[in-house]
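Working notes, beginning with the structure itself.
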Amino acid sequence: MHDLKKLRESPEYIKDVLARRGVSNPWKDWNDCDGPFDLERFFRLQNEELSLLREVESLRTRKNQIAAEFGKLKMAKEDTTALAEEVENLKVNLVDKEAKLAPLNAIMEAAALRIPNRLDDSVPFGKSEADNPLVREVGTKSLFDFTPKAHWEIGERLGILDFAAAAKLSGSRFSVLKSDGARLERALISFMLDVHVREHQFVEVLAPYLVNPKSLQGTGQLPKFREEVFKLAQDDLYLIPTAEVTVTNLHRDDLLEEKDLPLKYVSYSACFRREAGSYGKDTKGLIRNHQFNKVEMVYFTTPERSFADLETLTNEAEAILRKLNVPYRVISLCSGDTGFSSAKTYDLEVWMPGENRWREISSCSCFTDFQARRMNIKYKNAQGKKELVHTLNGSGLAVGRLFAAILENFQLKDGSVSVPQPLLTYMGKDKITI
RNA sequence: GGAGGGGUGCUGGAGCGGUUGAUCAGGCCAGUCUCGAAAACUGGUAGACCUCUUAAAGGGUCUCGAGAGUUCGAAUCUCUCCCCCUCCGCCA
């Protein structure tokens, strides 16, 4: 969420925010307000809201004065009928004005929640993922003297992936891991957590998978991505789409100390996404499941260093791929492809020889103060002043996709898969065979 | 699920319906003292928003778990909801 005062005082600011994203009307698809909503209406309602607020406040001022005088008169046993009469008329007016103001407040807040974060100057302009510039490519793609298979073929043949069983249990876009598959998944989770905790000084967190709507709003999943999250209707609870939600909300309404920043957390969690609107896309394998495992990294930092921290965070995610020797590339998301709450995002993509394409495996973003403002997360700076923190997060990494990348990159001609060296102690073997 | 207790500022803890945004203590910050520190003493210590000013200061509104109500006036009374704690039952 943006600073409301800034939005009001500077139409130029909001126009700049939108222009950077190439968005002309952030409310285009907004259906919960009566009638079309655009910038013009936004500013008009803002003015109405403000003048109404001033009226309400001055009426309340008088009301409070009357109450105080009333008390004094009562104490002195003097006549209060004149005041009683005045306040009675005043209240009729006040109630009327307040009744007009409340819905206006609500609609303006909802409108403000739909304005995306301001992109950093370094974010390249572009329309779609086709315009994302390559930052670097690391590792070399293996040469196969056979046609490499897709991970679902390898996995099913080895008996470590069972999509038929998953369909029986739950439906499409789920997976069942068995034997060395289950163990590999667990190995990857442990390995990544260990690297981040031991080598990158993260604090490990294990948090609930069910959260209240307020937590989802804090990180910006609501109201914008309502369609994406699973909701438990009876309880007003939601399944987290990422551990970013729980970990970032850990410090909601907190006041942090500057000396403790950056605070670095890493959390494993299962993640749940409805994947509405992606029917028929990536229906096979582990790439796009309703439930998947992910190790997530979160930073709470200062405005001065947040973009430098984004480089560090990205590098920390990359470290996993370098250690495993999986070829990958880093791309910088262009304006059209950067997420709603993010000011700048790097994506990590791994090479999938079976599919002959790159696949996103991590997304590292700097949210500036966009999330912190909604969550009211501040820190005391050197001058003792309270200031909003900056938040960052990145996958470190998506486990299912990494699982798939390992099967595809380290598959052998005989259908077995060699286990990368760092995973040997976790797997207890160097090869997955039938 | 049953019975009971409780939610107040950074923390603890007060608060007959009337200058109580809130006594007091602790913490924290600053100052005095000191070579320095401790102790002692003095002062300061909520946030959001509106308004005013070049700025500082000032004025105003709202906030005592959340929401609604009673009243001229609510932290204080009423209702609903949420959360926490204790005991019993059930349970991984």
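These numbers come from the heavy atoms of this one structure, side chains and all, not from hydrogens, waters or symmetry mates.
- Taking atom C1' in both B:rG17 and B:rU70, one finds a spacing of 11 Å when rounded to whole Å.
- Checked against the 6.0 Å centroid criterion, the rings of A:H251 and A:Y379 do not qualify as a close aromatic pair.
- For the P atom pair drawn from B:rC72 and B:rC24, the interatomic distance equals 33 Å after rounding to whole Å.
- Residues forming a ring-ring contact (aromatic ring centres under 6.0 Å, His included) with A:F230 (at least two apart in sequence, or on another chain): A:H290.
- Counting only residues at least two apart or in different chains, salt bridge (charged side-chain N to carboxylate O under 4.0 Å, His left out) contacts with residues 292-319 of chain A comprise A:R136-A:E318, A:K264-A:E316, A:K294-A:E296, A:R305-A:D309, A:E318-A:R322.
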Can you give the donor-acceptor pairs under 3.5 Å from side chains of residues 204-215 of chain A to other protein atoms, not counting sequence neighbours?
unit_1 : atom_1 : unit_2 : atom_2 : d
A:Y209 : OH     : A:A270 : N      : 3.4
A:N212 : OD1    : A:K214 : N      : 3.4
A:N212 : OD1    : A:S215 : N      : 3.0
A:N212 : OD1    : A:S215 : OG     : 3.0
A:S215 : OG     : A:R252 : NH1    : 3.2

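- Backbone-only engagement by A:K378 is indicated by non-hydrogen atom pairs under 4.0 Å involving sugar-phosphate atoms exclusively.
- Not counting sequence neighbours, the partners of A:F340 by the ring-ring contact (aromatic ring centres under 6.0 Å, His included) test are A:F370.
- Here the range on RNA chain B touched by chain A, meaning any atom under 4.0 Å from one of its heavy atoms, is B:rG18 to B:rG73.
- The main-chain N or O of A:A243 is found under 3.5 Å from a side-chain atom of A:T246 such that the two form a donor-acceptor pair.
- Sorted by first then second residue, the ring pair (Phe, Tyr, Trp, His ring centres under 6.0 Å) pairs that include residues 40-91 of chain A, not counting sequence neighbours, are A:W27-A:F42.
- A donor-acceptor contact shorter than 3.5 Å is absent between the side chain of A:H390 and the backbone of A:F300.
- Annotation: B:rA75 and B:rA66 have their P atoms spaced 12 Å apart (nearest Å).
- With C1' as the reference atom, B:rU8 and B:rC50 are 26 Å apart, rounded to whole Å.
- Legend: salt bridge (charged side-chain N to carboxylate O under 4.0 Å, His left out) pairs involving residues 162-175 of chain A, not counting sequence neighbours, sorted by first then second residue: A:D162-A:K178.
- The backbone N or O of A:E408 sits less than 3.5 Å from a side-chain atom of A:Q411, completing a donor-acceptor pair.
- With both ends at atom P, the span from B:rA68 to B:rA22 equals 24 Å, rounded to whole Å.
- A distance of about 9 Å separates the P atoms of B:rG26 and B:rA40, rounded to the whole Å.
- By the side-chain hydrogen bond (donor to acceptor under 3.5 Å, both in side chains) test, A:N293 pairs with A:E185, A:Y268, sequence neighbours left out.
- Aromatic ring orientation, A:H196 versus A:H200: tilted (interplanar angle from 30° to 60°).
- The aromatic ring centroids of A:H2 and A:Y13 lie less than 6.0 Å from each other.
- One P atom belongs to B:rU42, the other to B:rU51, and the distance between them is 41 Å to the nearest Å.
- The stretch residues 2-12 of chain A comes close to RNA chain B through A:K5, A:R8, each having a heavy atom under 4.0 Å from the strand.
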Subject >> Worked check of side chain to side chain donor-acceptor pair (under 3.5 Å) between A:K344 and A:S122 >> reply: CA-CA 8 Å; A:K344 182 176 186 175; A:S122 64; 2.8 Å; yes
**OP:** Report the C-alpha distance between A:N117 and A:S341 in whole Å, list the side-chain angles of each, state the deciding distance to 0.1 Å, and finish with yes or no for side chain to side chain donor-acceptor pair (under 3.5 Å).
**Re:** CA-CA 5 Å; A:N117 196 4; A:S341 304; over 6 Å; no
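- Comparing A:V87 and A:K74 against RNA chain B, the residue whose closest nucleotide sits nearer the 5' end is A:K74.
- Stem analysis of RNA chain B (Watson-Crick or G-U pairs, both distances under 3.5 Å, runs of at least three) returns B:1-7 with B:82-88, B:10-12 with B:24-26, B:27-32 with B:40-45, B:46-51 with B:58-63, B:65-69 with B:77-81.
- Within a heavy-atom distance below 4.0 Å of RNA chain B, the residues of residues 53-69 of chain A found are A:L53, A:R54, A:E57, A:R60, A:T61, A:K63, A:N64, A:A67.
- The stretch residues 41-52 of chain A touches RNA chain B through A:L50, each having a heavy atom under 4.0 angstrom from the strand.
- In this structure a side-chain-to-backbone donor-acceptor pair under 3.5 Å is missing from A:T301 to A:P262.
- Taking the nucleotide of RNA chain B with the nearest heavy atom to each of A:N376 and A:K72, the more 5' of the two is matched to A:K72.
- Separation of the C1' atoms belonging to B:rU61 and B:rU54 is 26 Å when rounded to the nearest angstrom.
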